There are 2 protein chains.
Amino acid sequence: MARDTINLRRLSEVLGLSQTTVSRALNGFPEVNEKTRARVVEAARRLNYRPSASAASLATGRACAIGHVVPLAEHMMINPHFCDFLAGAGEVYAQFGYEMLLRVVAQPQETDVYRDFASRGRVDGVVVHGPLTGDPRIPLLKSLGLPFVVHGRCDDGGGDYSWLDVNNRRAFSRATDFLADLGHRRIALINGLEAMNFAYRRRQGYESALAARGLERDPALVFSEDMVEPYGYRVARQMFTGPNPPTAVLVSSVLPAMGLVRALGELGLRPGADVSIIAFDDCLSFLQPGGEAKAREVPFLTVMRSSIREAGRRVAEMILEQIAAPETGPRHELWEAELVIGRSTAPCRRQRAPLSAAAKSW
Amino acid sequence: MARDTINLRRLSEVLGLSQTTVSRALNGFPEVNEKTRARVVEAARRLNYRPSASAASLATGRACAIGHVVPLAEHMMINPHFCDFLAGAGEVYAQFGYEMLLRVVAQPQETDVYRDFASRGRVDGVVVHGPLTGDPRIPLLKSLGLPFVVHGRCDDGGGDYSWLDVNNRRAFSRATDFLADLGHRRIALINGLEAMNFAYRRRQGYESALAARGLERDPALVFSEDMVEPYGYRVARQMFTGPNPPTAVLVSSVLPAMGLVRALGELGLRPGADVSIIAFDDCLSFLQPGGEAKAREVPFLTVMRSSIREAGRRVAEMILEQIAAPETGPRHELWEAELVIGRSTAPCRRQRAPLSAAAKSW
DNA sequence: TTGTATGCGTTATCAG
DNA sequence: CTGATAACGCATACAA
């Protein structure tokens, strides 16, 4: 902060008023004379006065900041889905005069970060990203008394904490059903890391749909890794150059789906025609033609769609609401993904499944 | 902050020492007795004491935070290259006890953000992203007296400010030379937004290399947009379904390059064999097989490579250095991109350029 | 409607 | 080596 920074005292001297009156005028207190307020506001603007953030925090006990801890994925990678979530949350914070604090940190040190946030009073609340099944952060945050909202869930109990999640189980069981209805019997799953609760749920949805039809699940068709492009490429090559490849693939993100498509291209297999694909589409902005534009022509990929950026917005609103009114209990929101039919899914016409056999199941 | 937060006064009472001594012990002042210090440190750890961030800021005048303003690109999109830069910067901040403040903001309001940062004392310095040619933020930040480092440059003068940049002009002229040496005469450029200085420089490199060989540049082969996947797809379809397509393409990022490859796949054109491609590779983590692993087999794409995450690390170090020692003048770093030959470039064998004609130019 | 006085939790100055 | 005391800049209970 520059040495010549103007503060409340100086401003009040210039105006010939007390600090109290000036403070009240600027903070919108009703009791101050409108004429006085106008003078104060004008002078503040003219002198470019803004209250010191640390002084205000110290006096009020509020930091006006929300903490986000970016967990580094395997290989020290930052999850790209995370970026769009942040973009959404950031919009909301900006709108309400809140600051976004970001900490990039490796998994093991993560609990320290929350302790630090809490005891140093740097933030008024935190958003929990990438919750694991039975995530230890939840009891920790509860014990710290730090307000938090989880993007995703950690358990099946509904939990005594606020969360917003996509109905991943339903999305993946619906997608599996859809493929099965098209006659597919060998359906692969290119999943995210199943330590993450969302990926665990996606597999549950996949498996329950298979089970409901009496289809056996083949472990050779199920994968669980960080959702990056080369992952999709690698496992696709593995499956489609090996024996007994699948006729359809579920993919947990459009990133590995791109790798899958790339591999198929090299192998001369056409998405839709030769292999059906359904991917989960988080509406990542850098893959969208018109930013967030939803209304567009029939997309290339058939997808389960839910905007992660919109989730970021809503989670940000939730944490701000919770801070403003702590007495209201935990809130939960479960969003349904939209199934958008594109050109990457078609009836199964695998030669080794004779038409008569396939027809039987219709 | 919880009501039962332990503060310096409470801690000093517990220890039977003055606040001064406790503070000094914890802050590593040399004059305090080592035995006393050990006692203090132990008690602080046991009681989980950490100094209040806002109180410390108020007392020292330092915020221990660096501001990053995320400019929303066209269509309200957050630039994905940005995320990896942040990841790198965040590592350094964490290491030095600094906080990263993120503001997502639309272009027009951006100057307000810097004024706010400066006058409210929220940050000790800022990192300027996506500098435009003649960017108005530089004079503004100078006048505000807020330390800053620019990722990229705004002008040719070298500038009276600190920056770190890739030698974009050289990278693109080298890449153009490389393609020309392979016999390519119609070379397209899928560039970023040329209001951005880096993209402007890339085009300069491309054009200067063409000019040096007396190759004419065809405006129908040059594009300038946000570097997203569908952009590469769209302009590739446009070029390769139209008359007189290029035989080689320079792409400003692997994102539009993926779109390009997708389009070529649909059109039955093989990268390398039918169309040569060189892309700028920022080492985006979600596209890397092993995170940041550099040593790998011959890559699919021929690329100009420079890790944007490594740039983030270095820029963060630079801003911290500048804050620690403001008397040292502006620092500049110009990084050379590495040209990595992959499988997407090959000698031109376009039928309409007869071998004899091509041979003449050698 | 405005002003006075005090506290927020540190760090820094000066004394011992 | 340690301690009392004064900033730091704002918000607010209380007084007028």
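Everything quoted here is computed from the prediction, not taken from an experiment. Just so we're on the same page: letters track the sequence lines, and every chain starts at 1.
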Main chain of [Y], side chain of [X]: is a donor-acceptor contact present, judged purely on distance under 3.5 Å?
| X | Y | result |
| --- | --- | --- |
| A:Ser57 | A:Arg62 | yes |
| A:Asp116 | A:Val113 | no |
| A:Ser23 | A:Gln19 | no |
| B:Asn27 | B:Phe29 | no |

Starting at the 5' end of DNA chain D, which residue's closest nucleotide do you reach first, B:Asn33 or B:Thr60?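 Result: B:Asn33.
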Given atom [atom1] of [X] and atom [atom2] of [N], what is their separation to the nearest angstrom?
| X | N | atom1 | atom2 | value |
| --- | --- | --- | --- | --- |
| B:Arg37 | D:dT2 | CZ | P | 10 Å |
| A:Phe29 | D:dC14 | CZ | C1' | 14 Å |
| B:Asn7 | C:dC8 | CG | P | 8 Å |
| B:Arg9 | D:dA4 | CZ | P | 14 Å |
| A:Glu31 | C:dG3 | CD | P | 13 Å |
| A:Glu13 | C:dT4 | CD | P | 13 Å |
| A:Leu26 | D:dT12 | CG | P | 13 Å |
| A:Ile6 | D:dC8 | CD1 | P | 15 Å |

Please assess A:Asn7 against A:Leu11 for the test side-chain contact (heavy atoms from CB on, under 4.5 Å), listing each intermediate value before the final yes or no. CA-CA 6 Å; A:Asn7 58 20; A:Leu11 180 61; over 6 Å; no
Using the rule given for side-chain contact (heavy atoms from CB on, under 4.5 Å), can you reason through B:Leu334 versus B:Trp163, listing the C-alpha separation, both sets of side-chain angles and the distance that settles it, and then say yes or no? CA-CA 8 Å; B:Leu334 188 58; B:Trp163 51 259; 4.3 Å; yes
Looking at DNA chain D, which of residues 14-23 of chain A put a heavy atom within less than 4.0 Å of it?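 Nucleic-acid contacts, sorted: A:Gln19, A:Thr20, A:Ser23.
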Using the C1' atoms of the five pairs at each end, what is the angle between the end axes of the helix from C:dT1-D:dA16 to C:dG16-D:dC1, to 10°?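 For the helix from C:dT1-D:dA16 to C:dG16-D:dC1, the axes at either end differ by 40°.
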Residue mapping more 5' on DNA chain C - nearest nucleotide basis, B:Leu58 or B:Arg24: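 Between the two, 5'-proximity favours B:Leu58.
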Under 4.0 Å from OP1 or OP2 of D:dT2: is there any side-chain N or O of B:Thr36 that close?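 So the side-chain polar atoms of B:Thr36 do come within 4.0 Å of the phosphate oxygens OP1 or OP2 of D:dT2, strictly under.
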Could you check whether A:Arg103 makes a cation-pi contact with A:Phe117, meaning its NZ or CZ is under 6.0 Å from the centre of the six-membered ring and within 45° of the ring axis?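 The answer is yes; both the distance and angle limits are met.
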Determine the contact category for A:Leu8: base if any of its heavy atoms lies under 4.0 Å from a base atom, sugar-phosphate if only primed atoms, P, OP1 or OP2 are that close, otherwise nothing.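 The residue A:Leu8 makes sugar-phosphate contact but no base contact.
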If you take the centroid of each ring, where Trp contributes its six-membered ring, are A:His68 and A:Phe82 closer together than 6.0 Å?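 Centroid distance A:Phe82-A:His68: not below 6.0 Å, so no.
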Under 4.0 Å between a side-chain nitrogen and a carboxylate oxygen: does that hold for A:Glu13 and A:Arg10?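 Not counted as a salt bridge, because no side-chain N and carboxylate O are separated by less than 4.0 Å.
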